[in-house]
Asks: 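For reference, the structure I am asking about is given below.
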Amino acid sequence: MKKILALILCAVMVFAFAGCASYRSYDEIKEDGKLVVATNAAFAPYEFVDDNGEYAGIDIEIAQAVGEYLGLEVVIQDINFDAIITSVNSGKADLGIAGMTVTAERLKSVEFSDTYATGKQVIITASDSGIKGVADLAGKKVGVQTGTTGDIYASDDDTIGEVVQYTTGTEAVLALSQNKVDAVIIDNEPAKKYIEKYDNLIIIDEEYTYEEYAMCFAKGNTELVAKVNEALAALKADGTLKAIIDKYINEK
Ligand code: ARG
């Protein structure tokens with residue numbers, strides 16, 4: 001008995017160290033009838049809470065369309081962006097959709113679906129800051145959302161004076177409006193939304209990076225990835241995906 005216990009303990013430890021993901025099988029999800037989707041709903045136009053207190057945005061509608069295709073009810077789990085990967089790898093959520101950029105580093109810990117949108121990082125700053133491009137960030141204080149690609153690029157750039165992390169992009173841009181930081185590095189479409197309510201903030205027209213957005217899944221959950229990719233392909237083919245994106249971006 002002791003031996004068995006030791007063996008079990010050992011196996012548990014090996015899994016823990018290997019960072020082995022736990023997740024619900026597609027059969028379990030089907031049986032439950034619910035697809036649990038993690039997001040960070042402070043990132044319009046991809047995900048936000050609308051005036052009626054409902055989740056809305058490109059990612060939310062894509063998740064709902066995928067759910068509909070698979071015959072599953074989507075349950076949104078609104079959490080911090082940097083908790084999404086842990087959430088899918090612990091099985092708390094079945095997938096994450098949050099304007100998340102596919103990166104080589106993230107691919108080590110999660111699976112990604114096919115990409116459904118593209119983006120880029122841009123700089124937001126005050127119109128009179130004198131910042132005209134990436135080179136002008138040298139020695140400056142730059143605000144970012146924790147765990148995002150903007151955070152990663154800024155933290156990797158040794159010329160930047162200080163990188164200040166905020167839980168949401170909304171908070172980073174608020175800090176910028178209060179002169180607590182000199183600039184914010186964030187995704188282009190959300191940047192446009194964030195500056196809408198501030199007269200003195202501008203977006204610098206210099207492409208920082210090109211990025212592709214995809215849904216993330218627990219490492220090894222290739223069965224669900226395949227199902228979701230099948231749904232995505234159908235939504236691409238019948239124009240649903242384009243209609244969702246146009247509704248929030250192109251046809252403003
Ligand atoms: N595209 C960036 C990334 O993957 C930012 C995404 C932030 N998304 C959000 N819902 N807050 O890191």
Side-chain angles (χ1 to χ4, degrees), residues 36-50 54-64 66 74-89 92-124 134 142-157 160 163-176 181 183-196 203 207-217 219 244-245 248-249:
V36 183
V37 173
T39 193
N40 172 243
F43 201 66
Y46 296 98
E47 46 265 343
F48 56 97
V49 179
D50 70 13
E54 308 278 350
Y55 291 115
I58 294 168
D59 290 351
I60 304 296
E61 292 205 21
I62 290 176
Q64 275 157 353
V66 166
V74 167
V75 178
I76 300 290
Q77 199 184 72
D78 187 13
I79 59 179
N80 285 349
F81 182 75
D82 65 344
I84 293 174
I85 287 184
T86 315
S87 181
V88 295
N89 272 328
K92 279 193 198 148
D94 300 310
L95 66 87
I97 185 165
M100 189 181 280
T101 305
V102 178
T103 69
E105 193 58 32
R106 287 175 181 158
L107 270 167
K108 289 182 192 162
S109 50
V110 287
E111 309 291 338
F112 276 111
S113 67
D114 293 336
T115 64
Y116 63 84
T118 59
K120 58 184 179 184
Q121 296 298 305
V122 294
I123 298 167
I124 308 178
V134 179
V142 175
V144 295
Q145 181 183 16
T146 309
T148 59
T149 45
D151 184 4
I152 296 161
Y153 299 135
S155 304
D156 281 349
D157 183 343
I160 290 176
V163 178
V164 188
Q165 295 178 315
Y166 296 92
T167 307
T168 61
T170 314
E171 287 159 273
V173 176
L174 177 66
L176 172 63
V181 291
V184 165
I185 298 176
I186 205 135
D187 303 50
N188 59 324
E189 290 300 334
K192 290 183 204 162
K193 293 281 176 195
Y194 287 136
I195 67 163
E196 270 173 5
I203 296 170
E207 189 166 328
Y208 209 94
T209 52
Y210 167 81
E211 307 191 339
E212 294 192 330
Y213 296 162
M215 289 173 242
C216 68
F217 304 79
K219 194 75 192 161
I244 293 173
I245 293 175
Y248 289 95
I249 293 182

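As the structure lists them, so they are numbered: ligands from 1, and atoms in each ligand from 1. Only heavy atoms go into these numbers, but all of them, side chains included; no hydrogens, no water, no symmetry mates. Positions are given from 1, in the same order as the sequence printed here.
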Asks: Show, in sequence, the C-alpha distance, side-chain angles and deciding distance for Glu61 and Tyr248, and conclude whether the side-chain hydrogen bond (donor to acceptor under 3.5 Å, both in side chains) test is met.
Replies: CA-CA 10 Å; Glu61 292 205 21; Tyr248 289 95; 2.7 Å; yes

Asks: Please output the side-chain donor-acceptor pairs of residues 98-105 that fall under 3.5 Å, not counting sequence neighbours, one pair per line with the distance.
Replies:
unit_1 : atom_1 : unit_2 : atom_2 : d
Thr101 : OG1    : Glu211 : OE1    : 2.6
Thr103 : OG1    : Arg106 : N      : 3.0
Glu105 : OE1    : Lys108 : NZ     : 3.1

Asks: Using a strict cut-off of under 4.0 Å between a residue heavy atom and any atom of ligand 1, list the qualifying protein residues by chain and number.
Replies: Asn40, Phe43, Glu47, Phe81, Ala98, Gly99, Met100, Thr101, Arg106, Gln145, Thr148, Thr149, Asp187, Glu211, Tyr213

Asks: Who are the ring-ring contact (aromatic ring centres under 6.0 Å, His included) partners of Tyr213, not counting sequence neighbours?
Replies: Tyr46

Asks: So which heavy atom on Ser109 is nearest to which on Asn89, and how close?
Replies: O-ND2, 2.8 Å

Asks: Counting C-beta onward and ignoring hydrogens, is there a side-chain heavy-atom pair between Tyr194 and Leu176 closer than 4.5 Å?
Replies: no

Asks: With sequence neighbours left out, what residues match Asp50 under side-chain hydrogen bond (donor to acceptor under 3.5 Å, both in side chains)?
Replies: none

